[in-house]
Enquirer: 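Below you will find the structure I want to go over with you.
So you know, we letter chains A, B, ... as the sequences are listed, proteins then strands, and number each from 1.
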There are 2 protein chains.
Amino acid sequence: MPTMTAAQRRDQAKREYDAFLAACPSRRLLDRLSDKWVTLVLAALARGDRRYSELAREIAGVSQKMLTQTLRNMERDGMVTRTVTPTVPVTVDYALTDLGRSLQGVMQHVKDWAEAHIDDIEVAREEYDSRQ
Amino acid sequence: MPTMTAAQRRDQAKREYDAFLAACPSRRLLDRLSDKWVTLVLAALARGDRRYSELAREIAGVSQKMLTQTLRNMERDGMVTRTVTPTVPVTVDYALTDLGRSLQGVMQHVKDWAEAHIDDIEVAREEYDSRQ
DNA sequence: CGGAATCCTGCCTGATACTG
DNA sequence: CAGTATCAGGCAGGATTCCG
């Protein structure tokens with residue numbers, strides 16, 4: 001009785017795909033980096049340790065929610081350390097770990113590429129749009 | 001009459017922020033890369049030209065919609081070329097441009113980093129979670 | 001100061017169906 | 001084969017409020 005066979009095959013494929021995804025290092029990192037705030041936090045901390053409010057000011061446009069969430073995830077991933085100093089009011093400092101610094105070095109190349117080639121992209125885009 | 005002053009200030013700040021964003025090369029590129037399919041398409045095409053269906057098979061988990069959308073955007077950005085051969089049925093080949101190859105070279109470093117360090121991240125994460 | 005919690009909206013994405 | 005069109009839902013992310 002092959003009822004639902006098509007749906008079952010799809011589910012099967014999906015499970016295999018998920019397993020494949022979970023086993024692929026590149027994709028797991030890409031999932032992390034596709035959160036663009038991660039890269040911006042890395043860049044900010046590369047210039048030195050920062051307090052929460054300093055990061056919020058330096059990374060224009062990030063909401064408190066996203067900044068907190070990003071920092072939590074990065075702490076969880078061993079990219080940054082979080083140091084609470086029980087003053088009044090409390091101060092919280094963030095710093096890169098060795099792992100974070102290592103990744104930042106790689107992302108720096110991406111940033112350099114962006115500054116060198118983003119104009120080419122803009123030009124290509126305008127030409128594409130002008131051809132309808 | 002300072003009615004709506006707070007809201008107006010927010011709007012003003014938002015407009016300034018948008019203008020700032022539009023002027024920042026790194027962020028514009030990050031916006032593109034935060035679409036993770038872009039990186040995967042770059043990697044696939046780096047191994048040689050591909051037809052649409054080949055890409056769909058090679059990049060497991062991408063929907064037709066997202067693949068088409070990603071390819072369109074990348075073509076618009078001058079990263080890939082799209083060549084239609086009017087056979088029956090029609091064949092469409094995608095290839096990297098020089099710009100695309102250049103970016104792919106940079107992203108290759110990211111991929112290498114991922115394969116070298118993703119385990120460190122996993123370990124850090126498990127330790128973080130085990131500490132509640 | 002540095003968050004946590006809540007609500008709520010948009011759009012991102014996948015599923016499905018149709019076309020040349 | 002290589003798409004386009006349409007619909008639906010899920011959740012990313014913003015705004016707001018409250019707390020230690």
Side-chain angles (χ1 to χ4, degrees), chain A residues 4 6-11 13-15 17-18 21 30-38 40-41 44 49-76 80-95 132, chain B residues 4 6-11 13-15 17-18 21 27 30-38 40-41 49-76 80-95 132:
Chain A
M4 294 283 296
Q8 282 174 353
R9 261 209 303 272
R10 269 202 305 279
D11 284 352
K14 185 163 183 61
R15 253 175 291 123
Y17 161 65
D18 288 343
L21 255 200
L30 276 181
D31 283 344
R32 308 253 95 237
L33 292 182
S34 70
D35 177 1
K36 69 173 178 176
W37 299 120
V38 168
L40 296 171
V41 168
D49 300 359
R50 290 287 188 279
R51 295 179 54 180
Y52 181 88
S53 51
E54 289 174 329
L55 286 174
R57 231 176 303 117
E58 218 161 311
I59 305 176
V62 69
S63 62
Q64 306 90 327
K65 178 178 176 176
M66 289 317 297
L67 182 55
T68 299
Q69 184 176 303
T70 301
L71 287 168
R72 281 287 174 284
N73 284 332
M74 291 175 72
E75 186 195 1
R76 182 166 177 255
V80 303
T81 58
R82 177 172 179 272
T83 311
V84 181
T85 311
T87 50
V88 177
V90 65
T91 46
V92 181
D93 283 276
Y94 291 92
Q132 283 119 3
Chain B
M4 295 284 294
Q8 282 175 353
R9 260 208 305 271
R10 269 201 305 278
D11 284 352
K14 187 165 183 58
R15 253 174 290 127
Y17 161 65
D18 288 342
L21 255 199
R27 296 211 183 179
L30 277 180
D31 283 343
R32 309 253 96 239
L33 292 183
S34 69
D35 177 0
K36 71 173 175 174
W37 299 119
V38 168
L40 296 172
V41 169
D49 301 359
R50 290 288 187 278
R51 295 179 54 181
Y52 181 88
S53 52
E54 290 173 330
L55 286 173
R57 230 176 304 118
E58 219 160 310
I59 304 175
V62 69
S63 62
Q64 308 90 322
K65 178 176 175 178
M66 290 317 297
L67 181 56
T68 299
Q69 184 176 304
T70 301
L71 287 168
R72 282 287 176 284
N73 285 332
M74 291 175 72
E75 186 193 3
R76 182 168 178 254
V80 303
T81 58
R82 177 172 179 271
T83 310
V84 181
T85 310
T87 50
V88 177
V90 66
T91 46
V92 180
D93 283 275
Y94 292 92
Q132 283 118 3

Enquirer: Shortest non-hydrogen contact from Asp49(A) to Ala95(A)?
Expert: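 Taking every non-hydrogen atom into account, OD1-CB, 3.4 Å.
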Enquirer: Whole angstroms only, please: what is the CG-P distance between Asp31(B) and dA12(D)?
Expert: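 It works out to 18 Å between those atoms.
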Enquirer: Give the rounded distance in Å between these two atoms: CG of Asp35(B) and C1' of dG14(C).
Expert: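 In whole Å, dG14(C) C1' lies 15 Å from Asp35(B) CG.
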Enquirer: Examine dG2(C): is either OP1 or OP2 under 4.0 Å from a nitrogen or oxygen in the side chain of Ser53(A)? Give yes or no.
Expert: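 For Ser53(A), the contact criterion (side-chain N or O under 4.0 Å from OP1 or OP2 of dG2(C)) is met.
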Enquirer: Should Asn73(A) and Arg32(A) count as side-chain neighbours, where that means a heavy-atom distance under 4.5 Å?
Expert: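 Yes, at least one pair of side-chain atoms sits under 4.5 Å.
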Enquirer: Could you check if a side-chain atom of Leu30(A) sits within less than 4.5 angstrom of a side-chain atom of Leu40(B), using non-hydrogen atoms only?
Expert: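 Side-chain contact under 4.5 Å: yes.
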Enquirer: Quick one: which residue pairs count as a side chain to side chain donor-acceptor pair (under 3.5 Å) with a foot in residues 55-69 of chain A, not counting sequence neighbours?
Expert: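 Every side chain to side chain donor-acceptor pair (under 3.5 Å) pair that includes a residue of residues 55-69 of chain A, provided the two are not neighbours, is Arg47(A)-Glu58(A), Arg50(A)-Glu58(A), Tyr52(A)-Thr68(A).
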Enquirer: Glu58(A) CD to dG2(C) P: how many Å, rounded?
Expert: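 Going from CD in Glu58(A) over to P in dG2(C) covers 13 Å.
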Enquirer: With a 4.5 Å heavy-atom cut-off, do Leu71(A) and Arg82(A) have their side chains touching?
Expert: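 Leu71(A) vs Arg82(A): side chains apart.
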Enquirer: Take the protein atom CG of Leu67(B) and the nucleotide atom C1' of dC1(D), then report the distance between them rounded to whole Å.
Expert: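 Taking CG of Leu67(B) and C1' of dC1(D), I get 13 Å after rounding.
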Enquirer: Given dC1(D), is OP1 or OP2 found less than 4.0 Å from the side-chain N or O atoms of Arg51(B)?
Expert: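 Answer no for this pair, as no side-chain N or O of Arg51(B) is under 4.0 Å from OP1 or OP2.
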Enquirer: Taking the axis from the first five pairs and the axis from the last five, what angle separates them in the helix from dC1(C)-dG20(D) to dG20(C)-dC1(D), rounded to 10 degrees?
Expert: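 Result, rounded to 10 degrees: 50°.
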Enquirer: Evaluate the side-chain proximity of Val84(B) to Val90(B): yes if any heavy-atom separation is below 4.5 Å, no if none is.
Expert: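 Result yes, sub-4.5 Å side-chain heavy-atom pair found.
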Enquirer: Round to the nearest Å and state the distance from Glu75(A) atom CD to dG2(C) atom C1'.
Expert: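 In whole Å, dG2(C) C1' lies 13 Å from Glu75(A) CD.
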Enquirer: To the nearest 0.5 Å, what is the distance between OG1 (Thr81(A)) and OH (Tyr94(A))?
Expert: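 Rounded to the nearest 0.5 Å, the OG1-OH separation comes to 10.0 Å.
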Enquirer: Rounded at 0.5 Å granularity, tell me how far CD in Glu54(A) sits from CG in Asp93(A).
Expert: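 Between Glu54(A) CD and Asp93(A) CG, I get 7.5 Å after rounding to 0.5 Å.
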Enquirer: What's the separation between atom NZ in Lys36(A) and atom OG1 in Thr70(A), rounded to the nearest 0.5 Å?
Expert: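 Atom-to-atom, Lys36(A):NZ and Thr70(A):OG1 are 10.5 Å apart.
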Enquirer: Specify the separation, in whole Å, of atom CG of Asn73(A) and atom P of dG13(D).
Expert: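 The answer, rounded to whole Å, is 11 Å.
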Enquirer: Can you measure Met66(B) atom CE to dC11(C) atom P for me and round it to whole angstrom units?
Expert: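 Rounded to the whole Å, the gap is 15 Å.
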Enquirer: Whole angstroms only, please: what is the CD-P distance between Gln69(A) and dG13(D)?
Expert: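 Interatomic distance, CD of Gln69(A) to P of dG13(D): 7 Å.
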Enquirer: Mind listing the N/O atom pairs, protein and nucleotides 3-6 of chain D, below 3.5 Å?
Expert:
{"unit_1": "dG3(D)", "atom_1": "OP1", "unit_2": "Arg72(B)", "atom_2": "NH2", "d": "3.3"}
{"unit_1": "dG3(D)", "atom_1": "OP1", "unit_2": "Arg82(B)", "atom_2": "NE", "d": "3.2"}
{"unit_1": "dG3(D)", "atom_1": "OP1", "unit_2": "Arg82(B)", "atom_2": "NH2", "d": "2.6"}
{"unit_1": "dG3(D)", "atom_1": "OP2", "unit_2": "Tyr94(B)", "atom_2": "OH", "d": "2.6"}
{"unit_1": "dT4(D)", "atom_1": "OP1", "unit_2": "Arg72(B)", "atom_2": "NH2", "d": "3.3"}

